[in-house]
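Here is the structure we will look at.
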Amino acid sequence: MWKLKIAEGGSPWLRTLNNHVGRQVWEFDPKLGTPEELEEVEKAREDYHNHRFVHKHSSDRLMRIQFAKENPVKDVLPQIKVKDTEDLTDETVTTILKRAINFHSTLQAHDGHWPGDYGGPMFLLPGLVITLSITGALNAVLSDEHRKEICRYLYNHQNEDGGWGLHIEGPSTMFGSVLTYVTLRLLGEGAKDGKGAMENGRKWILDHGSATAITSWGKMWLSVLGAFEWSGNNPLPPEIWLLPYILPIHPGRMWCHCRMVYLPMSYLYGKRFVGPMTPTVLSLRKELFNVPYHEIDWNQARNECAKEDLYYPHPLVQDILWTSLHKAVEPVLMHWPGKKLREKALKTAIEHIHYEDENTRYICIGPVNKVLNMLCCWVEDPNSEAFKLHIPRIYDYLWIAEDGMKMQGYNGSQLWDTAFAVQAIVSTNLLEEYSSTLRKGHKFIKDSQVLENCPGNLDFWYRHISKGAWPFSTGDHGWPISDCTAEGLKAVLVLSKIPSEIVGEPLDANRLYDAVNVILSLQNGDGGFATYELTRSYRWLELINPAETFGDIVIDYPYVECTSAAIQALASFKKLYPGHRPREIEQCIKKGVEFIEKIQESDGSWYGSWGVCFTYGTWFGVKGLVAAGMNYNNSSSIRKACDFLLSKQLDSGGWAESYLSCQNKEYTNLKGNRSHVVNTGWAMLALVDAGQAERDPTPLHRGARCLINSQMENGDFPQEEIMGVFNRNSYFTSSVTLCLSGILLILNVTFQNILSSGKSFARRNYMEWSFLTTKRMFHRCVPCLYQYLAISPNEQIRPTGEYRKGGKE
């Protein structure tokens, strides 16, 4: 039976800064589990499989089965359903809150965080399996049980037409179908296995143009495997790392996720590395194409892309650029004396790869560059210490649920979820009753703060300051993020107002100052906040985005979500520490407000880049403006936002937005106009913040009833459609574990008289429940391209966040 282990090491090759706080790893123990427990697990798997085309998300039932035994719910309060005409009392809502917190407190790990599924994308596992197959470590790293569960996951998420999508809810794509088919073959599945599933998958591939039409990322993976020729790839020259930083196209100016993925890709391309030619690889050369392998026109294949995959078509400038590099530049760099430059570029690339590995304890910023970096370390030296240090960190990305084993979009969302959870619980005023839960959460947040900057010259490594920041996941991961730092700061500030005998000792003031310093350092010249770093280059750089599948990946754009979170944190800090950098904080908030107002859509909404979608962005937009002191009466932006949200309320009283809103940039309801607890919570939070209860509480009455009636018998909330998004076209599971976010949506303000005017209705706290659920989305983790801000053409942003005039490095 599988068991989730928390905050454990167990390998001499693991490195840590804080005793592995936040680490969550699944291990299989054949001796574990009673017959009843094993039967319950199998029933969960069977239930999922039988309904997989209707309910595509798992509900973390394996973890829930384990935690139900380890942390049983002490008091299961009676379930409450609310009729349309029924008023609620404080007592009723308190019962609803207690039911929810009682259940979700049992899902808190002993180190203080809330574990949960952070999967969704279908293109992550293939990179891992291909890398392990090439390096000969597949069977050593993935046990029989690992491979069995990975196959279960891939088969479960095959679409009815035979293909696989970019993510678990998406239609079939060439990228998803080819890489999943290849993964199953490398795991030992035959071309006719899976009760016809493999044959159906291959048929979909061949019917839609064959693997020559796979996206550029897919071409790269097939090339290192040996099932595609490097000449069929557009160039990824590592020499770009040798360019002067002053140039807008320098990779150091790109969004960190973008540059950290293309860094190891350029190393592999520069070496034209190809793995061992095994019988399976030779067979794949026959299975994946409509014509014999030796007859394929690889030059034509360079720019082929299936229409199902084409979210961001290459503009003409790209075709000219890639053709010029392919025809004129690459032949020079592959032969002496140009080869000397290639060798220097490869040396520079691998140095940056090692720096990233060492400063994330070999977790790396995300799963894609994790496995690419690991492969590069093996290519450099198969017996290297670096490769061995990578191996145990693979398990940090693997998660198992009733649908099988998946690779997560990060090593978790531990800090993000915990920061929201504790804020939510505090907002209910049930402090003493949940003192243990708050104390553990508080300790986790304190233990996860980044205490030092990365070593060396940060400008040289293109890194921003990180001392005082909070990451999205764990302290060992360590990448600083603007809104994660803001939410971490908000959480410790609200906890600092509670007696220490209830929640533990407050964070030292100097560490609060460090967090504020990080937030202030991340504001761009236009007032907005990006994710990990400052925006370091221009928007026009998106013209050279080579990834056909993703949009807005080249630079770290400023976002309403990050800007709003920063405003909220600084406003909270200012109230408790009015004497610390007051002018800078006031100016930062003012500029942030101007940015939020400037980017509001004409219909009153804000586009959400890390959640689905306009509902999410609008909640953040309103929240940021309110935190800065604005309200419905003095802000036309807030009034327009309220009008927008009210116009989208469904007949059921709830809200529900499809992930298609993100792709198409147009508000789209879920099929059948069904409500969604997460969207409903977001919308209600925004309306409550904007004072809707004082103007007309009826829409809130209806929304609150929808949320309350969604609560399950055990206090949990149902897992519904995908709510996490990144780069406009890829999506992540919002684990219902973080329906605890729901508590968050129930957070902050006690919302009175919502369900019955004149009668004291509970707290707006109830709404925050839907948020946590949704925040399990890869809330952001990606951009890292810098932009020359609108200061002056020769005034540039340093990677550390400092201004440097004159344009010299």
Worksheet entry | Leu534 side chain reached by Gln523 side chain, heavy atoms, under 4.5 Å | no
Worksheet item: Looking at Asp396, Leu124, Leu398, Leu125, which one forms a side chain to side chain contact (heavy atoms under 4.5 Å, CB included) with Pro367?
Response: Leu124
Worksheet entry | Aromatic ring pairing Tyr577/Phe573, orientation class (parallel under 30°, perpendicular over 60°, tilted between) | parallel
Worksheet item: Looking only at atom types and distance, does a side-chain atom of Ser482 sit under 3.5 Å from a main-chain N or O of Ala530, one as donor and one as acceptor?
Response: yes
Worksheet item: What residues, two or more places apart in sequence or in another chain, satisfy side-chain hydrogen bond (donor to acceptor under 3.5 Å, both in side chains) together with Thr485?
Response: none
Discussion item. Classify the ring geometry of Tyr659 against His167: parallel below 30°, tilted from 30° to 60°, perpendicular beyond 60°.
Written reply: perpendicular
Item to complete: Indicate yes or no: does Asp716 engage Arg64 in a salt bridge with an N to O separation below 4.0 Å.
Response: yes
Worksheet, complete the sentence: Asp476 meets the salt bridge (charged side-chain N to carboxylate O under 4.0 Å, His left out) criterion, sequence neighbours left out, with Arg393
Practice prompt. Please determine, by modelled atom types, if Glu169 and His57 share a side-chain donor-acceptor pair under 3.5 angstrom.
Written response: yes
Worksheet item: Just wondering, are more than 12 heavy atoms of other shown residues or ligands nearer than 6.0 Å to CG in Asn71?
Response: yes
Worksheet item: About how many Å separate CG of Asp60 and CD1 of Ile400, when rounded to the nearest 0.5 Å?
Response: 11.0 Å
Item to complete: Assess the side chains of Asn373 and His390: does a donor N or O sit below 3.5 Å from an acceptor N or O?
Response: no
Worksheet item: Looking at residues at least two apart in the chain, or sitting in another chain, which of them share a side chain to side chain contact (heavy atoms under 4.5 Å, CB included) with Lys98?
Response: Leu77, Thr94, Asn102, Leu430, Glu433, Tyr434
Worksheet item: Can you name the residues that form a side-chain hydrogen bond (donor to acceptor under 3.5 Å, both in side chains) with Glu356, not counting sequence neighbours?
Response: Asn369, Trp479
Item to complete: Answer yes when Lys406 and Asp117 have at least one side-chain N-carboxylate O distance shorter than 4.0 Å, and no when they do not.
Response: yes
Worksheet item: Of all residues at least two apart in sequence or in a different chain, which pass the salt bridge (charged side-chain N to carboxylate O under 4.0 Å, His left out) check with Glu452?
Response: none
Discussion item. Is the ring pair His580/Tyr513 parallel, tilted or perpendicular, if the boundaries are 30 and 60 degrees?
Written reply: parallel
Practice prompt. Would you please name every residue forming a side chain to side chain contact (heavy atoms under 4.5 Å, CB included) with Leu576, sequence neighbours left out?
Written response: Leu493, Ser496, Lys497
Fill in: Qualifying residues under side chain to side chain contact (heavy atoms under 4.5 Å, CB included), relative to Arg581, sequence neighbours excluded
Asn517, Leu520, Glu584
Item to complete: Taking the side chain as every heavy atom from C-beta outward, state whether Trp399 and Trp26 have any pair of such atoms under 4.5 Å apart.
Response: yes
Practice prompt. Give a yes or no on whether Glu432 atom CD has more than 12 heavy-atom contacts from other residues, nucleotides or ligands under 6.0 Å away.
Written response: no
Response to the item:
Sequence neighbours excluded, the answer for side-chain hydrogen bond (donor to acceptor under 3.5 Å, both in side chains) partners of Lys574 is Glu586
Worksheet item: Per the side-chain hydrogen bond (donor to acceptor under 3.5 Å, both in side chains) rule, which among Gln108, Lys443, Gln24, Gln414 passes with His113?
Response: Gln24
Worksheet, complete the sentence: Value for CD1 (Ile425) from CG (Leu97), rounded to nearest 0.5 Å, stands at 10.5 Å
Practice prompt. Decide if the gap between the ring center of Phe614 and the ring center of Tyr607 is smaller than 6.0 angstrom.
Written response: yes
Fill in: His20: ring-ring contact (aromatic ring centres under 6.0 Å, His included) partners, not counting sequence neighbours
none
Worksheet item: If we only count heavy atoms from C-beta on, is the Val612 to Glu721 side-chain gap below 4.5 Å?
Response: no
Fill in: Contacts of Leu507 that satisfy side chain to side chain contact (heavy atoms under 4.5 Å, CB included) - sequence neighbours left out
Lys446, Gln449, Trp470, Val492, Arg511, Leu512
Discussion item. For a 4.5 angstrom cut-off between non-hydrogen side-chain atoms, does Tyr355 reach Cys454?
Written reply: yes
Practice prompt. Flag the pair Ile101 / Thr437 as yes when at least one side-chain heavy-atom distance between them is below 4.5 Å, and no otherwise.
Written response: no
Worksheet item: Partners of Glu402 by salt bridge (charged side-chain N to carboxylate O under 4.0 Å, His left out), sequence neighbours excluded?
Response: none
Worksheet item: How are the rings of Trp416 and Phe472 set relative to one another: parallel (under 30°), tilted (30 to 60°) or perpendicular (over 60°)?
Response: tilted
Discussion item. Assess, by modelled atom type and distance only, whether the side chains of Gln568 and Ser572 contain a donor and an acceptor separated by less than 3.5 Å.
Written reply: no
Worksheet item: Can you name the residues that form a salt bridge (charged side-chain N to carboxylate O under 4.0 Å, His left out) with Glu27, not counting sequence neighbours?
Response: Lys5
